[in-house]
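Index from 1, following the sequence. Quick caveat, the model's predicted, so the values are computed rather than measured.
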Amino acid sequence: MEKKLYRSPQKMLPVLLTGFSLTYISLDNIFGGPLREFLGNYISLNEFGSNIREEVLYYLILLVGGFQLFTAVQSIFQPVLELSEYKIAMRTSEKLFTVVKNIQDLQKATLHEDYITFTFNDATYSVFIKNIEAYELESLLDELNG
């Protein structure tokens, strides 16, 4: 019963494209690329770094874009849920790292709007499942509750 659930690449495409766009805009403005030259025709822009607010804004945009790129690429390689015969590994919103539990300790798995709640003997964990395909999710719940 080896099963892995990943986020859908089609559903993560907007996050990836937004990350690329934000990263491009910030790097273009930091290094004086074509977008900054185009904006300079319509707006009075000085050299980058002469205005501290502008500099902080573009570094913040770069940080947000980089985070979105990291999230989108990570979702391709790291599963959200992974089931084996004896263990269940899940990426939860409560913990920073992946939580690994014995599947025998699982009492129930319930589906909510955007989350699956796994109730174990000692704790309860929620897994965000909005970006997972519905048919994969239903087969997983049938295996767990069946």
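Taking OG1 of T98 as the start and CG of L81 as the end, the distance is 10.0 Å to the nearest 0.5 Å. Atom CG of N131 is separated from atom OG of S75 by 8.0 Å, given to the nearest 0.5 angstrom. Atoms NZ and CG, from K3 and L83 in turn, are 8.5 Å apart once rounded to the nearest 0.5 Å. Atom-to-atom distance recorded for T119:OG1 and Y125:OH is 11.0 Å, nearest 0.5 angstrom. Distance check, rounded to the nearest 0.5 Å: CZ of R91 to CG of L5 gives 12.0 Å.
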Open item on the list: Run the side chain to side chain contact (heavy atoms under 4.5 Å, CB included) test on Y59 and V64 for me, step by step, so that the C-alpha distance in whole Å, both residues' side-chain angles and the decisive distance to 0.1 Å come before the verdict.
Closed with: CA-CA 9 Å; Y59 285 127; V64 171; over 6 Å; no
- [ ] Please step through side chain to side chain contact (heavy atoms under 4.5 Å, CB included) for the pair I116 and L137, ending with a clear verdict.
- [x] CA-CA 9 Å; I116 289 183; L137 202 54; 3.3 Å; yes
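Linking Ile, Leu, Val, Met, Phe, Trp and Tyr whenever their side-chain heavy atoms come within less than 4.5 Å puts F31 and Y58 in one cluster. Under a hydrophobic clustering in which Ile, Leu, Val, Met, Phe, Trp and Tyr are joined whenever their side-chain heavy atoms come within less than 4.5 Å, directly or via other members, V99 and V80 fall into the same cluster.
E37 meets the side-chain contact (heavy atoms from CB on, under 4.5 Å) test with no other residue; sequence neighbours excluded. Remark: Y115 pairs with F128 by the ring-ring contact (aromatic ring centres under 6.0 Å, His included) rule, at least two apart or across chains. Applying the side-chain hydrogen bond (donor to acceptor under 3.5 Å, both in side chains) rule to K108 yields no partners; only residues at least two apart in sequence or on another chain are considered. Evaluation of the side-chain contact (heavy atoms from CB on, under 4.5 Å) rule for K4 yields E2, Y6, P79, E82 as partners, not counting sequence neighbours. Listed by chain and residue number, nothing satisfies the side-chain hydrogen bond (donor to acceptor under 3.5 Å, both in side chains) test with T124 (two or more places apart in sequence, or in another chain). Considering only residues two or more places apart in sequence or on other chains, T71 meets the side-chain hydrogen bond (donor to acceptor under 3.5 Å, both in side chains) condition with none of them. Residues that satisfy the side-chain hydrogen bond (donor to acceptor under 3.5 Å, both in side chains) test with Q104, not counting sequence neighbours, are absent from this structure.
Across all their heavy atoms, Q107 and N121 have their closest contact at NE2-OD1, 3.0 Å.
Side-chain contact between K87 and I103 is absent, with no heavy-atom pair separated by less than 4.5 Å. Looking only at side-chain heavy atoms (C-beta outward), L62 and F67 stay at 4.5 Å or farther from each other. Looking at heavy atoms from C-beta onward, T117 lies in side-chain contact with S126 at the 4.5 angstrom threshold.
Under the salt bridge (charged side-chain N to carboxylate O under 4.0 Å, His left out) criterion, the residue pairs touching residues 113-122 are K101-D122, with sequence neighbours excluded. Within the structure, the salt bridge (charged side-chain N to carboxylate O under 4.0 Å, His left out) test picks out no pair touching residues 127-140 (sequence neighbours left out).
V100 belongs to no multi-residue hydrophobic cluster, having no ILVMFWY side-chain contact under 4.5 Å with any other such residue.
Not a single donor-acceptor pair under 3.5 Å links the side chain of R7 to the backbone N or O of Q74.
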Going by atom type alone, with no hydrogens or angles, which donor-acceptor pairs under 3.5 Å involve a side-chain atom of residues 13-30 and a protein atom two or more places apart or on another chain?
from, atom 1, to, atom 2, distance (Å)
T18, OG1, P14, O, 2.7
S21, OG, L17, O, 2.9
T23, OG1, G19, O, 2.7
S26, OG, L22, O, 3.2
S26, OG, T23, O, 3.0
D28, OD1, L35, N, 3.4
D28, OD2, L35, N, 3.0
D28, OD2, R36, N, 2.9
N29, ND2, I25, O, 2.9

